[in-house]
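Both backbone and side-chain heavy atoms feed into the values below; hydrogens, waters and symmetry mates do not. Chain naming here is simple, since letters A, B, ... match the order of the sequence lines and numbering starts at 1 in each.
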There are 2 protein chains.
Amino acid sequence: MESGDHVQELRGRTPRVTAAMVAARAGVSTATVSLVANGKTRGRVSEDNISRVQEAIAELGYVVDSIGSSLAKGISSIVILVAPDISNPFFAKVIAGVRGSLGADYQLLLSVTDAGEFPRVDDVRRLLALRPAGLLVDAPSAAFLDELSVAGPLVLLDAPGLESFAPSVNLDVGHGARLLARHLADSGHKRAAYVDSVTGTATFEIRRAAFLAESAALGVTVAPDHVIGTTIDVGAAASAFAAVWPAWQRDGVTAVVCATDTHAYGVLQEARVAGVRIPQELAVAGFDDLPYSATSSPGLTSVHLPGDALGAKAGEQLRRLMEGKGLEESQLILQSSLIVRGSTEPAGT
Amino acid sequence: MESGDHVQELRGRTPRVTAAMVAARAGVSTATVSLVANGKTRGRVSEDNISRVQEAIAELGYVVDSIGSSLAKGISSIVILVAPDISNPFFAKVIAGVRGSLGADYQLLLSVTDAGEFPRVDDVRRLLALRPAGLLVDAPSAAFLDELSVAGPLVLLDAPGLESFAPSVNLDVGHGARLLARHLADSGHKRAAYVDSVTGTATFEIRRAAFLAESAALGVTVAPDHVIGTTIDVGAAASAFAAVWPAWQRDGVTAVVCATDTHAYGVLQEARVAGVRIPQELAVAGFDDLPYSATSSPGLTSVHLPGDALGAKAGEQLRRLMEGKGLEESQLILQSSLIVRGSTEPAGT
DNA sequence: CTGAAAGCGCTTACAG
DNA sequence: CTGAAAGCGCTTACAG
């Protein structure tokens, strides 16, 4: 058992260094060690002892044990990020943003569930048993927030309509949806279709509602028959589109808007198979502006959502809460924009 | 301060339920509560007490406090996954795999660093202060493993050449690289180029070395001038390719292999801008087989790497270690395969 | 400025 | 089968 041996060997190598060991070495009490290790020395520890302890800490490689510390303080330094869809590439940007603004004082714990699933009450209880310093919840449902009775700092991300539950940071997806409708109207489209996401998060309701409303206002018809929904999956979107395209084409649909770029990739893929020329025969657009949308051929017109800023702002807000500072604004809204590419605009236009 | 009020209100709502409260309600000692809560009742707690305690637990909504439990046991239920590049879409699959095989008994904590960065010693120490039940390290460098003297269960993912440090699960990227070389040779290419990743992880060394060796063996020339490297970024790859393409074209290069699909997207993008016909003038291929590779136009030929299986196997191995079971095999290698698409093969071939 | 002591919530020998 | 007690490592009033 090679591995076992190795682990065994490693196990002996690092005896835990405790505050008591540091105290003994520095000739002080563990209380003083704790004060120094936490930087709470102001007017409480002599310069002399500060340096003795710091030396001992360095020599021994002492690190405050999170477990002991958390138990004593009643709280850990863990921040839990709960999200329904970690495999969504958009989410990687959100995470990066959170991490950047949270800094090194907190440890970011991702609560990972199966794609599109939210953790159940049990899971959440188990998470809360870690005594997190704060909680970040991305794209929750009202039902989830209802049963999540959290006792500490909590910030919601991408939770439009749920502002009453907690401070939140949202994206103005409606604005982007309207820009998109206007763009299609300006390009002369009269009949459009919509491929929705069936995950049922609020952001998708808003994307669709805003697009449909603005389209109607601008004279672009989106018939009820021309709205379908699939999971956030290239293949699912592709086959759903394949099934309806003949009818849509017959009905004179010349533009398809997708709730996410991922859906749009499926439509593009199927359109290619079916020999539909993009954008001449069919304009295609999505939401999220994933990195690949700039690279696909044609490039995909998309509503750009600032995922990194979303994460960063949410992290900032949470941090203020965890540090006991108030929030200057408890509701933040970030701007979306429209990136027009070849999938809706003929080259050379 | 709306948010502050809200948090305040929430704070009062959930007084922590402790084992002592459960014990009082059930009329037993906290020792018995602990035994029942942990399912260690076999021959140690009477049926009668078991049900009283279970009732009390249910009524009070008691959940064992992780912090207290961890301190008493000397270990937490956290599993830390350390990885240098969480924003890589390939990684989402790995995470999903890990989560699936780890199950609900362990909490998966992602150590998130900036793209391409590995945590520094300090960060790692802070992570270990959480007393994780186990550690998963993805694509580490030898230097990192050297300073990481871990005292518990540890499994390496995608760490070829580092098998001596710990049990590991690897991908046979070399095999895929050779299949790719053979495919290009069979398609009649005589001169190829290689766009490498500069992150310096072992897997990239192997991808390149295996491809170059097999190409040479099959009579496909890859001149030193025709090997470049960039970060894993579509834009970086695109501009690097733009800079060298005129010379490569002059030299008769008809195929470009990229260390990742992300690099390849950049090449495809730039090729489109430059009016290079794919695959007639230039064949392009990558590694990873990201979801978008099936969707791009043309589809991207890619070496498929089973990211979910990689995560799942690593999770399984770690789990065995954490449960004190030995490993049947401490080194696991997963198969890669070649997915041929339009970027290397003319439609209708 | 300093240290002895209590306490955070749990688990685990131990004695009965 | 059961419970009193010690102890995990730390932090924080508290007394000096």
Side-chain angles (χ1 to χ4, degrees), chain A residues 14-53 56-57 60-78 125-126 128-133 151, chain B residues 14-53 56-57 60-78 125-126 128-133 151:
Chain A
T14 327
R16 185 169 299 283
V17 178
T18 66
M21 294 164 65
V22 175
R25 179 151 195 142
V28 300
S29 71
T30 57
T32 301
V33 172
S34 175
L35 260 13
V36 174
N38 289 291
K40 298 185 175 172
T41 54
R42 282 284 297 270
R44 324 238 250 122
V45 184
S46 65
E47 285 304 327
D48 212 44
N49 273 348
I50 292 180
S51 42
R52 302 164 98 91
V53 172
I57 286 177
L60 263 33
Y62 172 68
V63 177
V64 176
D65 182 81
S66 301
I67 304 288
S69 172
S70 299
L71 187 57
K73 291 205 255 197
I75 197 173
S76 75
S77 59
I78 293 175
R125 282 211 182 128
R126 211 175 277 131
L128 294 181
L130 289 172
R131 308 248 201 131
Chain B
T14 330
R16 185 169 299 282
V17 178
T18 68
M21 294 164 64
V22 175
R25 177 151 197 142
V28 300
S29 71
T30 58
T32 302
V33 172
S34 175
L35 258 14
V36 174
N38 289 292
K40 297 184 177 173
T41 54
R42 282 285 295 269
R44 322 237 250 124
V45 184
S46 65
E47 286 303 328
D48 212 44
N49 274 348
I50 292 181
S51 41
R52 303 164 97 90
V53 171
I57 287 178
L60 264 32
Y62 172 68
V63 177
V64 177
D65 183 82
S66 301
I67 305 288
S69 172
S70 299
L71 186 57
K73 292 204 259 199
I75 197 172
S76 75
S77 59
I78 292 175
R125 280 210 182 129
R126 211 174 279 132
L128 294 181
L130 290 172
R131 309 250 200 127

B/S46 or A/I67: which one's nearest nucleotide on DNA chain D is closer to the 5' end?
B/S46
Interatomic distance where CD1 belongs to A/I57 and P belongs to D/dC10 [whole Å]:
10 Å
Integer-rounded Å distance: D/dC8 C1' and B/R131 CZ:
7 Å
Does A/A24 have any side chain to side chain contact (heavy atoms under 4.5 Å, CB included) partners at least two apart in sequence or in another chain, and if so, which?
none
Would B/T18 and B/M21 satisfy side chain to side chain contact (heavy atoms under 4.5 Å, CB included), going step by step from the backbone distance to the final call?
CA-CA 5 Å; B/T18 68; B/M21 294 164 64; 3.5 Å; yes
Pairing residues for B/L128 by the side chain to side chain contact (heavy atoms under 4.5 Å, CB included) criterion, not counting sequence neighbours
B/V124, B/P132, B/L135, B/V150
Could you tell me how far apart B/M21 (CE) and C/dC8 (P) are, to the nearest whole angstrom?
13 Å
A/L130 and B/I78, any side-chain heavy atoms less than 4.5 Å apart:
yes
Starting at CG of B/L71 and ending at C1' of D/dA6, how long is that distance when rounded to a whole Å?
13 Å
Bracket string, DNA chain C, 5' to 3' - pairs by Watson-Crick or G-U geometry under 3.5 Å, | interstrand
|||.||||||||.|||
So, using side chain to side chain donor-acceptor pair (under 3.5 Å) as the criterion, who are the partners of B/R126 when residues are at least two apart?
none
Results of side chain to side chain contact (heavy atoms under 4.5 Å, CB included) for B/S51 - residues two or more places apart only
none
Could you tell me which residues satisfy side chain to side chain contact (heavy atoms under 4.5 Å, CB included) with B/A31, sequence neighbours excluded, listed by chain and number?
B/S29
Specify the separation, in whole Å, of atom CZ of A/R16 and atom P of D/dG7.
18 Å
Contact under 4.0 Å: A/N49 side-chain N or O vs C/dT2 OP1/OP2
yes
Whether each nucleotide of nucleotides 11-16 of chain D has a protein heavy atom under 4.0 Å at its base (B), only at its sugar-phosphate (S) or at neither (-) is summarised, 5' to 3', as BB----
Ignoring hydrogens and angles, write down the donor-acceptor pairs under 3.5 Å from the side chains of residues 63-74 of chain B, residues two or more places apart or on other chains.
| residue | atom | partner | partner atom | Å |
| --- | --- | --- | --- | --- |
| B/D65 | OD1 | A/R131 | NE | 2.6 |
| B/D65 | OD1 | A/R131 | NH2 | 3.2 |
| B/D65 | OD1 | B/R16 | NH1 | 3.4 |
| B/D65 | OD2 | B/I67 | N | 3.1 |
| B/D65 | OD2 | B/G68 | N | 2.8 |
| B/S66 | OG | A/A129 | O | 3.4 |
| B/S70 | OG | B/S66 | O | 2.5 |

Check side chain to side chain donor-acceptor pair (under 3.5 Å) between B/S77 and all other residues, then give those that pass, not counting sequence neighbours.
none
Starting from P on D/dC1, measure out to CZ on B/R52 and report it in whole angstrom.
15 Å
Students often get this wrong, so: under 4.0 angstrom with heavy atoms, is A/R42 touching a base, only sugar-phosphate, or nothing?
nothing
